[in-house]
Each structure stands twice: as C-alpha cells, then as structure tokens.
*Asks:* 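Dumping the structure here so I can ask a few things about it.
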Amino acid sequence: MTRVLAAVKRVADTSGEVVLTEDGQGLDGRFAGWTIGDHDACAVELAIRVAEAGDGSVTVLSVGAPEAVEQIRSALALGAGAGILVETDPSAMGPADVAAEIAAVVSGAAEAGEPYDLVVLGNDAADTGDFQVPIRLAHLVGRPIVTGARMLEVADGVLVAQVQGPYGDETYELPLPAVAAVLEGGAEPRYPSLRGRMAAKKVEIDVRAPAGSPSGSGRVRWHVPPAASGEAEVLGEGPAAAPAVVEVLERLGVLR
Amino acid sequence: MILVLCETDPATGEVDEVSLETLALARALSTEGGGVAVRAVVVGPVADTDAVAATLGGHGATEVRHATGDGVASFGGAAWATALDAVRQETGSVAVLAGGTPRGNEVVAHLAARLAVPMAANVVSFEGLSPLTVRRQVAGGVALEEMRLSNRPALLTVAGHAWQAEETGAGPATWVESTVDVPAEELVARVVRTAERAADESGSLTSAPVVVGAGRGAGGPDGFGPVTELAELLGGAVGVTRVVTSLGWRPHHEQVGQTGSRISPDLYVACGISGAIQHWAGCASSRAILAVNTDPEAPMMTRATYAVVGDMHEVVPAIVEEIRKRG
Ligand SMILES: Cc1cc2nc3c(=O)[nH]c(=O)nc-3n(C[C@H](O)[C@H](O)[C@H](O)COP(=O)(O)OP(=O)(O)OC[C@H]3O[C@@H](n4cnc5c(N)ncnc54)[C@H](O)[C@@H]3O)c2cc1C
C-alpha cells in the first residue's frame, strides 16, 4: 500500500503566445488558458503508476488560487483518488513559501496517522522555474530526495529512480518515505477515460487555508524580450539552393 | 569572496562549458564589487588535477578547492551541498554561483534550503550590487524575471550560454585539497549506479558544433535518413522537436527546446520545424540558424539567419550531394 502525494501547479499555457499580466508579475492565462506543466504531468503519471503497482493511492495537492481545483480534477480524472487545495494567492508566494505549505500538508497527514510514503512533484514549475520547491520541501520534512527523475518504482519500501545524468544513466535507491522531483520525458502521461472524468466530478476536494504567511520571492517584475528581427537571408528555393547553402557552410567554417 | 561550483567530467577531467561561463559572470561581479577574489570549488574525483587547475586559473579563479572524501565520491545533492557549504564557510564567501545545469541547480538549491536564503536559478545578467539584482530565465526561457537577492550569501545559478567563457591569460589556480565529512543522513540519496550511455545516445547534442534538426516535416521515422547523413558529414548531432519525440519517431534525448536540451552550436539547421516558442527557447542561442521549410512564413523561417524555401526531402539530399561533390 504505497500512499503517494502528487503536487501540481496551475500555470498559464504558453504553447501559443506569451502574455504577461499588466503588473508584470507573471504570465497571463486569461486568453491562452491554464494547464499544469509537463514535468508536473509526468509526476502525476508516475505517481499513479507507483500507486497502481503497490495497491496504493494518490492524493493530488495544489497550492494556489481557487481555480486550481480544475487542475486537481484533471489529475483525479487520470486515477488519483483524493484532492487537496491549499487556497492562496500564488503570486505572493516564493518557492520557500510553497514548499512550507506542502510540508504542512505532509506533516499533518503523518500526525493524523496517515503518512504519505512518497511525495512527487514536477522538477520545476513551468512558469517560475525556480528549481527549489521539491528540495526545500524535502529539507522541511526531513526526507531524502531525488531530482530529475524520469522513472520511479517502489519495491519493498525502496524507491528506485532513474535519472539521465551528465555522464550516463544514473540509478538512485532511496528508503521510503521520500520525495521525488520528476522531469518530463520518461513516461507518456495517460489520457483521462470518460469514467475517470465522471468519477473526478464527484470527488470532494479538501480546501484548506494556508498554514503560514508568505515571505515572497524577491521578484521585481517579468519581461518578454523582443522577438528576433525576422530578417533571414533567403538562399533560394528547393534543391537549387544547395550550392548557396554549401557556400554559407564554408563561410561559417562548419564544413569539415 | 565569490565561490563558483565547477563541474568536471570525472573520466576526462574536462571542465563543463557552463562552469567556465559562470566564472565569467563571477569575474564581472567581482569587478563591479571592487575586485573581490573568485575561487572555484570542485567536488568528487578529478581525472587530471593539473589540467583542471590550468583551465580554471585561465578563466579567472585564483584558487581551486578540491573537496574529496567517501561521501562525495559519487554524486548526491545533499552531500555535495555539504562540501560546498564547508568551503563557503572556510572562505567567507558572500556569493555562491554554479552553472544552471541539473547538478548546479540541485546542489545550490540544497544549500539554499539549508541556509534558508533565497536562490535565483538560471540567471542571465545582473544589474546592480546593492541590492544584488539579477535577471533570470523563466517560463522555459521565453521570459525574464528581474529579481532581488538581498540575503547573504547570494545564491545563484547561471543559464547556459548567457555568458561567454573568457580566458584571462592567467596561470594555473592554486590547488587546495580538502576532505569533507558528510553526515550519514546526507548520503541516503545518491547515485548508486551509472550506466554509460551507448555512443549514439551520448550527450553530444549540447556540445556539437553543428546540429541538424528536423520536425514534423520529416514525415515519419523513415524521414531522417538525409538529416542524419548531413549531421554526420558536418560532424554534428541530430536534434528534433517535441512532436517528433511524442510520436515516437526519435528518442527523447534528441529533443531540443524548453523541455529538451538547450543548444548553442555554431550552426543549427532546422528542417521542417515551425519554430514554436518552446522549441525556439532551446535553440535561440545558436550562432547561426539555417531554416529549411515549405512555408516561408513559418516563425523559424523569419527568425533564422538563413532560409531555404522548399521540401526538406528534396533540399537536404541536394545539400548532402553538393558537399560530397566538393569534398
Ligand atoms: C509546455 C510545452 C513544452 C514544450 N516543449 C517543447 C520542446 O522542448 N521542444 C519542442 O520542439 N517543442 C516543444 N513543445 C511543442 C511546441 O509547442 C510545438 O508543438 C513543436 O515544437 C512543433 O514541432 P514541429 O515544428 O516539428 O511541428 P509543426 O509545428 O507541426 O511544424 C512542422 C513544420 O514543418 C513544415 N513542413 C512540413 N512538411 C515539410 C517538408 N516536407 N519540408 C519542409 N518543411 C515542412 C511546416 O511548414 C511546419 O512549419 C512544447 C509545448 C508545450 C505546450
């Protein structure tokens, strides 16, 4: 019975244009819509796989605006069984604040006698990209952590994680309870079934007030750099352009 | 004192390019701050200490602290942070920097958690020292955040290719060995096995001088023949878009972009790639881009340095043939 907590963040979809809020404090998702990041989507997928293999359960947690229930429900539709929303204004929170809120949920569950064996999170948020929440969380709850995991497996109380290291494929083995930060690309996230979507609608989400007050992130404001000039030198059309291309290769010194 | 965590390949002893770029930013910070010393720290086994001392010295580090011991022989984020923190305390460093690599970000985040101070990941520039104000990449590199780091030590990692590595002409850095003791509880999470990647899966994508990329325009897994051939002819690597990896046409480690590798080759040949921002985030720092696309209005075509309008299945083989003809 592996009890898994999967933390996800509601972020603006940036697959189209990147639009900032008027105050420059972050991405504006009003037009593009909202989603969870790719790392988070893979974290949910791996959480469900671990739970399925270990006859366990997945609880989905989000720290954020009331609307983040949409992202919680989409994870519930995939196979998570319970949802928790710590309702806050996410723009006021820095990575240490988010980690503290998740830690409060983890510690609370342990105190209530229903501890999570494994907490999985996306390696970094698709918007703020802080690279810290999972590690700060692990420190706060005193658990070992693996980051950059692309595959997770639990057997006999041990978490085996696969990581693409700089010099080869690395294996970590961590005793549970543990924390894992997941990187996109190791597993293809599943699609919700109709039954899953129907069931997700019925789950009552546990909405909580934050445990602490935020200290912020040091953010002044965001900027979107101007797009590149759009002045490509057209070398020609079709195969006839090949000689011109090779001349460019020679000029750039890349032809060996 | 500014301390820079530098990564080296344990087998070859080569210093990671991003570490050298980070040293360049550290030196700029030092100049701005009145010339405080820049020191490097290297953790774990080093293949050739003389070579590393020469490289790091030549890029502006006056001293290299080499942290060794059983606890840091294989990588573990918490254990390496212990080593980094020990050197930080010994040297009284006011700023600790690392490359914005998975390891750099991990180790510095452990240090930040331990010291309960803020950290800025993937910094591209700084704009003032009091308080230290930085700009860093957010949203996968498509936007920048201006952020203040008022606490000391200031902790930051530097985005790849944001700074250019620069040799100062200085001689080798002084090499100082220090053994670190890592408490048992910090050794719980560390690498227990490393399987060498097959040669064709090597991390050459990020260091290749030329990358030949292909997207949905390749049409299927069989559409990569000429692309691979061109990459081989130019001594480069193959890079692909997410559409290509999602469809299973090519493996994920070839993906360029926000959720793939960031590349900065001398030339990126982008064939049948629309140039969506998430892909652009991974290739924007290429020195030159040549786009091959049937659609002259595709974002990749307008942003590229050079463009060829046409079907990649005709254009790429013609380029290959032309190179062979001249070679
Ligand atoms: C959160 C998030 C993260 C993402 N991360 C990444 C990432 O890391 N990397 C990435 O690449 N994408 C990423 N994407 C996906 C990205 O938004 C695009 O969908 C993707 O890059 C498009 O791939 P493509 O250019 O191959 O395909 P398309 O957009 O379909 O473009 C195909 C192009 O090929 C041209 N073409 C077609 N046939 C031919 C031919 N025969 N010859 C020449 N040209 C031809 C077309 O004109 C078109 O321009 C991400 C998306 C999201 C939402």
Side-chain angles (χ1 to χ4, degrees), chain A residues 14-15 18 20 27 38 94 96 126-132 135-136 139 144-148 164-175 178 184-185 217-225 227-228 230 232-239 241-243 245-246 248-249 252-256, chain B residues 9-11 77 102-103 105-106 109-110 112-114 118-119 121-122 137-140 142-149 188-189 191-197 203 209-210 234-235 252-253 259 266-267 277-278 288 290-291 301-310 314-315 318-319 322-323 326:
Chain A
T14 53
S15 53
V18 178
L20 299 187
L27 298 172
D38 289 3
D127 51 0
T128 52
D130 289 305
F131 290 89
Q132 296 158 57
I135 291 174
R136 289 187 188 270
H139 275 254
I145 174 164
V146 55
T147 71
Q164 221 174 67
Y167 316 110
D169 295 327
E170 300 168 342
T171 304
Y172 287 70
E173 290 173 2
L174 281 65
E184 188 244 4
S217 69
R219 177 190 310 128
V220 181
R221 64 168 294 136
W222 282 23
H223 308 263
V224 177
E233 181 186 331
V234 180
L235 300 176
E237 282 193 28
V245 169
V246 176
V248 165
L249 298 180
L252 293 172
V254 297
L255 204 58
R256 304 201 309 176
Chain B
D9 185 329
R103 283 199 174 164
N105 280 323
E106 182 176 354
H110 271 283
R114 183 176 309 206
M119 156 190 170
N122 289 326
Q137 290 179 342
V138 288
V142 295
L144 295 173
E145 177 181 82
E146 195 178 321
M147 175 180 171
R148 281 200 192 112
L149 281 170
V188 177
V191 176
V192 293
R193 275 191 302 283
T194 303
E196 260 179 55
R197 244 167 257 144
V210 178
L234 298 174
H252 185 271
H253 66 80
T259 50
D266 293 331
L267 176 67
I277 41 178
Q278 293 84 8
L290 164 64
M301 292 286 271
T302 52
R303 287 169 161 176
T305 335
Y306 307 101
V308 173
V309 185
E314 295 168 7
V315 177
I319 298 171
E322 184 71 22
I323 294 174
R326 297 197 187 189

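Lettering follows sequence order; numbering is per chain, from 1.
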*Asks:* For Ala291(B) and Ala304(B), which heavy atoms make the closest approach, and how far apart are they?
*Replies:*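 Taking every non-hydrogen atom into account, CB-CB, 3.8 Å.
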
*Asks:* How close do Pro10(B) and Tyr167(A) get, heavy atom to heavy atom, and via which atoms?
*Replies:*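 Heavy atoms of Pro10(B) and Tyr167(A) come nearest at CD-CE1, 3.4 Å.
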
*Asks:* Does any backbone or side-chain atom of Asn122(B) lie under 4.5 Å from a heavy atom of chain A? Answer side chain, backbone, both or neither.
*Replies:*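 When you check distances to chain A, only side chain atoms of Asn122(B) fall under 4.5 Å.
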
*Asks:* Counting heavy-atom pairs closer than 4.5 Å to chain B, which one of Ala96(A), Gly148(A), Gly185(A) comes out on top?
*Replies:*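 Most heavy-atom pairs under 4.5 Å with chain B: Gly185(A).
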
*Asks:* Looking only at heavy atoms and a cut-off of under 4.5 Å, which of Asp130(A), Leu20(A), Val224(A) has the most pairs with chain B?
*Replies:*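 Most heavy-atom pairs under 4.5 Å with chain B: Asp130(A).
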
*Asks:* As an exercise: rank Glu322(B), Arg148(B), Glu146(B), Met147(B) by heavy-atom pairs under 4.5 Å with chain A and give me the winner.
*Replies:*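 The answer is Glu146(B).
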
*Asks:* With Glu145(B), which residues qualify under side chain to side chain donor-acceptor pair (under 3.5 Å), at least two apart?
*Replies:*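 Partners of Glu145(B) by the side chain to side chain donor-acceptor pair (under 3.5 Å) criterion, ordered by chain and then number, come out as Arg219(A), Trp222(A), Arg136(B).
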
*Asks:* If you count heavy-atom pairs under 4.5 Å between each of Gly129(A), Ala242(A), Pro243(A), Gly253(A) and chain B, which one has the most?
*Replies:*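 Heavy-atom pairs under 4.5 Å are most numerous for Pro243(A).
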
*Asks:* Hey, what do you get for NE2 (His139(A)) to CD (Gln132(A)), rounding to the nearest 0.5 Å?
*Replies:*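 Result: 11.5 Å between the selected atoms.
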
*Asks:* Quick check: closest heavy atoms across Ala288(B) and Tyr306(B), and the distance to 0.1 Å?
*Replies:*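 The pair with the smallest heavy-atom distance is CB-CE1, 4.3 Å.
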
*Asks:* Flag the one option from Leu252(A), Val234(A), Val246(A), Leu27(A) with the top tally of heavy-atom pairs under 4.5 Å to chain B.
*Replies:*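 The candidate making the most pairs under 4.5 Å is Val246(A).
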
*Asks:* Are any of the side-chain heavy atoms of Pro175(A) and Val188(B) separated by less than 4.5 Å?
*Replies:*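 Yes, at least one pair of side-chain atoms sits under 4.5 Å.
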
*Asks:* A side-chain contact here means heavy atoms from C-beta on lying under 4.5 Å apart; do Asp169(A) and Gln164(A) qualify?
*Replies:*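 Side chain of Asp169(A) against side chain of Gln164(A), heavy atoms only: contact under 4.5 Å found.
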
*Asks:* Checking Val254(A) against chain B: side chain, backbone, both or neither under 4.5 Å from a heavy atom?
*Replies:*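 Contact with chain B is through both the backbone and side chain of Val254(A).
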
*Asks:* Quick check for you: among Leu174(A), Val146(A), Asp38(A), Ile145(A), which has the greatest number of heavy-atom pairs under 4.5 Å with chain B?
*Replies:*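 Most pairs with chain B among the choices: Asp38(A).
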
*Asks:* Specify the closest pair of heavy atoms between Leu235(A) and Ala241(A), including all atoms of both residues, with the distance to one decimal.
*Replies:*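 Scanning both residues completely, I find the closest heavy atoms to be O-CB, 3.9 Å.
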
*Asks:* Measuring heavy-atom distances to chain A, does Ala112(B) have an atom under 4.5 Å in its side chain, in its backbone, in both, or in neither?
*Replies:*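 Both the backbone and the side chain of Ala112(B) come within 4.5 Å of chain A.
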
*Asks:* Identify which of Thr128(A), Leu249(A), Leu255(A) forms the greatest number of heavy-atom pairs closer than 4.5 Å to chain B.
*Replies:*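 Max contact count across the listed options: Thr128(A).
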
*Asks:* Does any backbone or side-chain atom of Leu290(B) lie under 4.5 Å from a heavy atom of chain A? Answer side chain, backbone, both or neither.
*Replies:*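 Only the side chain of Leu290(B) comes within 4.5 Å of chain A.
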
*Asks:* Heavy-atom pairs under 4.5 Å with chain A - which of Gly77(B), Ala121(B), Pro102(B), Gly310(B) has more of them than the others?
*Replies:*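 Between Gly77(B), Ala121(B), Pro102(B), Gly310(B), the count favours Ala121(B).
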
*Asks:* Highest number of heavy-atom pairs under 4.5 Å with chain A: which of Ile323(B), Val192(B), Val315(B)?
*Replies:*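 With the most close heavy-atom pairs to chain A, the winner is Val192(B).
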
*Asks:* Taking side chain as everything from C-beta outward and backbone as N, CA, C, O, which of these in Val210(B) sits under 4.5 Å from a heavy atom of chain A? Side chain, backbone, both or neither.
*Replies:*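 For Val210(B), the contact with chain A is made by the side chain alone.
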
*Asks:* Looking at every non-hydrogen atom in both residues, tell me the closest pair between Arg136(A) and Met119(B) and how far apart they are.
*Replies:*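 What the structure gives for the nearest pair is NH2-N, 3.8 Å.
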
*Asks:* Between Gln137(B), Arg326(B), Met301(B), Glu314(B), who has the most heavy-atom pairs with chain A when the cutoff is under 4.5 Å?
*Replies:*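 Maximum pair count with chain A is reached by Arg326(B).
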
*Asks:* If I measure from the heavy atoms of chain A, does Arg103(B) come under 4.5 Å with its side chain, its backbone, both, or neither?
*Replies:*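 Just the side chain, heavy atoms under 4.5 Å.
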
